[in-house]
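Remarks on the structure that follows.
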Amino acid sequence: MNPSSNVRFDFSGRSAIVTGASGGIGAEVVRLLHASGAHLVLVDLHPEALEALADELGRERVTLVPGDASAQDTIDAAVAEAVAASGSVDLLLPVAGIYPRSTVAETSDELWERVQRINLNGVFKLIRACIPHFGAGSAVVTFASVAGHRGSQLHAHYAASKAGVIALTRSLAHELGPAGVRVNAVSPGTINTGMVKDLVSDRGESMMAQTPLHRFGEPGEVAAAAVFLASDAASFITGETLHVNGGLFMAG
Ligand SMILES: NC(=O)c1ccc[n+]([C@@H]2O[C@H](COP(=O)([O-])OP(=O)(O)OC[C@H]3O[C@@H](n4cnc5c(N)ncnc54)[C@H](O)[C@@H]3O)[C@@H](O)[C@H]2O)c1
């Protein structure tokens with residue numbers, strides 16, 4: 001299933017910053033935004049993967065900012081490129097994240113802090129840097145996880161960071177709404193990307209048994225939901241968390 005290959009929005013003349021742009025979900029978000037006319041500013045740790053994606057997109061309306069999305073110099077460069085492209089930051093999708101495996105007892109301070117730095121602090125710092133450049137109609141879509149609602153065995157650091165992303169998203173919706181800026185989250189379940197390879201081989205069967213649609217999701221299915229939230233089709237939606245999980249977790 002890849003709805004993002006036949007869904008289109010109109011983002012002509014608008015800039016979009018996407019972090020984690022060459023990952024499984026990030027690359028699908030990029031393809032859909034680009035096919036819908038946006039100018040993309042792509043951030044990821046892997047320059048070669050970004051170059052390959054830029055080649056695939058034909059090098060038009062694409063600017064690459066290789067680097068750590070939680071580092072202030074990378075953030076400043078990405079914001080400057082978006083502002084150069086359209087005069088503002090129109091769309092912001094901080095997709096980058098890491099999902100190491102560790103019990104709480106075995107989690108070092110360094111690992112705990114690294115997960116929070118990339119999954120939560122980097123999202124906060126990037127959004128804060130964009131605030132002066134948002135305009136009415138700008139939209140932020142953050143990437144939470146079912147783990148942020150339910151907790152996660154062997155991934156407490158990750159679950160805590162994603163719960164933080166959900167609370168940050170709702171708080172920002174309050175703060176930025178009066179300026180006409182919407183802030184929403186997508187919250188994926190188990191999606192077929194490199195991130196969850198180990199999880200799927202260890203506990204895939206039991207997770208699938210708990211999933212009403214009885215399969216894992218595809219990156220394009222998350223991208224379609226995220227880009228919908230970024231689009232004017234979602235113009236009265238803010239502070240929302242949209243679950244993309246096949247029914248694995250149904251929020252009240
Ligand atoms: N795949 C899933 O099942 C799943 C489930 C819930 C939530 N999510 C979330 O969706 C997002 C995308 O996940 P994915 O499945 O595409 O993972 P992925 O591992 O395929 O992609 C993650 C990307 O982020 C990049 N990245 C990591 N740290 C970075 C940093 N410091 N700076 C810049 N780039 C960095 C990686 O290089 C990679 O390209 C993540 O936030 C993840 O937590 C994924």
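When a ligand or atom number is given, it counts from 1 through the structure's own listing order.
- For H39 and H34, the ring centers are positioned 6.0 Å apart or more.
- We find that R170 and E175 are not joined by a salt bridge, their nearest charged nitrogen and carboxylate oxygen being 4.0 Å or further apart.
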Tabulation required: pairs of a nitrogen or oxygen in ligand 1 and a protein nitrogen or oxygen under 3.5 Å; columns are atom names and distance to 0.1 Å; otherwise 'none'.
{"unit_1": "ligand 1", "atom_1": "1 (N)", "unit_2": "I191", "atom_2": "O", "d": "3.3"}
{"unit_1": "ligand 1", "atom_1": "1 (N)", "unit_2": "T193", "atom_2": "OG1", "d": "3.1"}
{"unit_1": "ligand 1", "atom_1": "3 (O)", "unit_2": "G189", "atom_2": "O", "d": "3.3"}
{"unit_1": "ligand 1", "atom_1": "3 (O)", "unit_2": "I191", "atom_2": "N", "d": "2.8"}
{"unit_1": "ligand 1", "atom_1": "3 (O)", "unit_2": "I191", "atom_2": "O", "d": "3.4"}
{"unit_1": "ligand 1", "atom_1": "15 (O)", "unit_2": "T193", "atom_2": "OG1", "d": "2.5"}
{"unit_1": "ligand 1", "atom_1": "16 (O)", "unit_2": "G24", "atom_2": "N", "d": "3.4"}
{"unit_1": "ligand 1", "atom_1": "16 (O)", "unit_2": "I25", "atom_2": "N", "d": "2.8"}
{"unit_1": "ligand 1", "atom_1": "20 (O)", "unit_2": "G24", "atom_2": "N", "d": "2.9"}
{"unit_1": "ligand 1", "atom_1": "31 (N)", "unit_2": "D68", "atom_2": "OD1", "d": "2.9"}
{"unit_1": "ligand 1", "atom_1": "32 (N)", "unit_2": "A69", "atom_2": "N", "d": "2.8"}
{"unit_1": "ligand 1", "atom_1": "37 (O)", "unit_2": "D44", "atom_2": "OD1", "d": "2.6"}
{"unit_1": "ligand 1", "atom_1": "37 (O)", "unit_2": "H46", "atom_2": "NE2", "d": "3.4"}
{"unit_1": "ligand 1", "atom_1": "39 (O)", "unit_2": "G23", "atom_2": "N", "d": "3.1"}
{"unit_1": "ligand 1", "atom_1": "39 (O)", "unit_2": "D44", "atom_2": "OD1", "d": "3.4"}
{"unit_1": "ligand 1", "atom_1": "39 (O)", "unit_2": "D44", "atom_2": "OD2", "d": "2.7"}
{"unit_1": "ligand 1", "atom_1": "41 (O)", "unit_2": "V95", "atom_2": "O", "d": "2.8"}
{"unit_1": "ligand 1", "atom_1": "41 (O)", "unit_2": "K162", "atom_2": "NZ", "d": "2.9"}
{"unit_1": "ligand 1", "atom_1": "43 (O)", "unit_2": "Y158", "atom_2": "OH", "d": "2.6"}
{"unit_1": "ligand 1", "atom_1": "43 (O)", "unit_2": "K162", "atom_2": "NZ", "d": "3.1"}

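- Ion pairing of D68 with R117 is present here, as a side-chain N (NZ or NE/NH1/NH2) and a carboxylate O approach within less than 4.0 Å.
- Using a cut-off of 4.0 Å between Lys/Arg side-chain N and Asp/Glu carboxylate O, R101 and E106 are scored as not salt-bridged.
- Of all heavy-atom pairs between A185 and T169, the closest is N-CG2, 3.7 Å.
- The aromatic rings of F228 and F9 sit tilted relative to each other, their planes meeting at an angle between 30° and 60°.
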